[in-house]
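The figures here come from the full heavy-atom set of this structure, side chains too, leaving out hydrogens, waters and symmetry mates. Since this is a predicted model, take the numbers as computed values, not measurements.
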Amino acid sequence: MTEGLKRYQFTGDLHYITFSCYRLQPYLRSAAARSLFEQSLERMRQRYNFYVLGYVVMPEHVHLLVSEPASFPLSTAMHALKLSVSKLSRQHPFWQARYYDFNVFSGHKRLEKLRYIHRNPVKRGLVNEPIDWQWSSFRHYATGERGTVEIESFWTAEERERAKLSLGAKDDKKQKP
């Protein structure tokens, strides 16, 4: 690890993470490459059991807002994510070796980081509105749309609650004589 770089994991905080393609090359410039990243992110989310609250895939970097995995260090999950994308790509090396990690410890910071993530494609001139950038969690927040990556939000919490109520109703019907 780089001298002076400190990671605060196992804190229960959310983490705002940024990592870049090797030498800032636009290896994620194609829709196919960005979609591949989303598929890898969803697989790692499931494998390492962490929540994704927000993300954006830019041509040469990625921003994530994630929880800590249940049973692994976050660094292990991020390493696996980067490795997964690298193995499926023709570019080697694909990623810069390290990533930036900021502990998000308040609701105010969470909203600040989500806004930054979602405005990034607009700021860079890739689209006029955040909803126009397909490789981001913005559409989920704006409309509840389910994408490749499951986003932990009020929409998914509501969906889980409806499913729980539905299962409870089915169980009640089974128990009646």
Side-chain angles (χ1 to χ4, degrees), residues 8-19 28 31-58 61-85 88 99-123 126-127 129-174:
Y8 299 98
Q9 298 184 16
F10 301 108
T11 61
D13 291 339
L14 297 175
H15 293 261
Y16 170 73
I17 293 176
T18 301
F19 47 89
L28 297 166
R34 290 188 295 267
S35 294
L36 181 138
F37 178 85
E38 286 180 317
Q39 292 163 14
S40 290
L41 176 58
E42 178 58 15
R43 279 195 313 276
M44 295 308 118
R45 183 196 68 75
Q46 291 175 19
R47 180 178 299 160
Y48 289 95
N49 194 21
F50 63 88
Y51 294 116
V52 176
L53 284 82
Y55 76 95
V56 66
V57 186
M58 300 293 286
H61 70 281
V62 173
H63 296 293
L64 305 171
L65 182 59
V66 298
S67 71
E68 295 177 344
S71 303
F72 296 91
L74 181 59
S75 57
T76 300
M78 291 302 103
H79 176 77
L81 172 59
K82 291 170 76 175
L83 187 60
S84 170
V85 174
L88 297 170
Y99 64 90
Y100 172 78
D101 179 2
F102 175 85
N103 288 58
V104 177
F105 47 85
S106 71
H108 174 76
K109 277 290 179 194
R110 181 179 58 80
L111 287 174
E112 175 186 301
K113 296 304 182 188
L114 278 174
R115 283 187 185 119
Y116 181 83
I117 286 168
H118 293 149
R119 297 285 306 159
N120 208 239
V122 175
K123 185 177 177 185
L126 299 172
V127 292
E129 297 294 329
I131 202 160
D132 298 332
W133 189 252
Q134 181 179 337
W135 304 276
S136 153
S137 53
F138 183 83
R139 286 181 184 193
H140 173 79
Y141 280 98
T143 68
E145 178 182 308
R146 292 181 65 104
T148 303
V149 179
E150 181 179 290
I151 303 302
E152 184 62 21
S153 71
F154 59 90
W155 293 103
T156 49
E158 187 176 286
E159 192 175 298
R160 270 195 305 276
E161 190 60 32
R162 277 195 307 261
K164 195 164 99 176
L165 290 173
S166 175
L167 283 175
K170 287 179 185 177
D171 288 345
D172 288 345
K173 287 180 182 179
K174 287 180 185 178

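In this structure, the side chain of Trp155 engages the main chain of His140 through a donor-acceptor pair within 3.5 Å. At least one donor-acceptor pair under 3.5 Å links the side chain of Thr156 to the backbone N or O of Ile151. A distance-only check finds a donor-acceptor pair linking the side chain of Ser35 to the backbone of Ala31 [under 3.5 Å]. Listed for the Ser84 side chain is no donor-acceptor partner under 3.5 Å among the backbone atoms of Ala80.
Under the 4.0 Å criterion applied to side-chain N and carboxylate O atoms, Glu152 and Arg160 are assigned as salt-bridge partners. In this structure, Glu38 does not pair ionically with Arg34, as no charged nitrogen and carboxylate oxygen lie closer than 4.0 Å.
Between Leu81 and Ser40 there is a side-chain heavy-atom pair separated by less than 4.5 Å. Contact annotation: the side chain of Asn103 never approaches that of Leu14 to less than 4.5 Å [non-hydrogen atoms, C-beta and beyond]. Contact check for Phe138 versus Arg115: no side-chain heavy atoms found under the 4.5 Å cut-off. Taking the side chain as every heavy atom from C-beta outward, Gln46 and Glu150 never approach each other to under 4.5 Å. A 4.5 Å side-chain heavy-atom check between Val62 and Thr18 finds every atom pair outside the cut-off. With contacts defined as side-chain heavy-atom distances shorter than 4.5 Å, the pair Leu114/Tyr141 qualifies. Residues Met58 and His61 are in side-chain contact: their nearest non-hydrogen atoms beyond the backbone lie under 4.5 Å apart. Taking 4.5 Å as the limit, every side-chain heavy atom of Val56 sits out of range of all side-chain heavy atoms of Ser137.
Here Leu64 contributes atom CG and Leu41 contributes atom CG; the two are 6.0 Å apart, rounded to the nearest 0.5 Å. One distance of note links OG of Ser67 with CZ of Arg45; it measures 9.5 Å at 0.5 Å rounding. Note that CG of Leu65 and CZ of Phe102 are 10.5 Å apart. Values are rounded to the nearest 0.5 Å. Taken from CZ in Phe72 to CE in Met44, the straight-line distance is 11.5 Å, to the nearest 0.5 Å. Thr148 OG1 to Gln39 CD: the interatomic distance, rounded to the nearest 0.5 Å, is 6.0 Å.
Between Trp133 and Trp135, the two ring planes are perpendicular [angle over 60°; tilted spans 30° to 60°].
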Show the numbers, then the answer: is there a side chain to side chain contact (heavy atoms under 4.5 Å, CB included) between Leu36 and Val85?
-> CA-CA 7 Å; Leu36 181 138; Val85 174; 3.8 Å; yes
Under the side chain to side chain contact (heavy atoms under 4.5 Å, CB included) rule, what do Leu74 and Ile17 come out as? Steps first, then yes or no, please.
-> CA-CA 10 Å; Leu74 181 59; Ile17 293 176; 3.5 Å; yes
Apply side chain to side chain contact (heavy atoms under 4.5 Å, CB included) to Tyr48 and Ser71, showing your working.
-> CA-CA 7 Å; Tyr48 289 95; Ser71 303; over 6 Å; no
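A donor-acceptor contact closer than 3.5 angstrom links the side chains of Tyr16 and His63.
Both the sub-6.0 Å distance and the 45° axial angle are satisfied by Lys82 relative to the ring of Phe19.
When Glu112, His15, Lys109 are each tested for a side-chain contact (heavy atoms from CB on, under 4.5 Å) with Val104, only one passes: Lys109.
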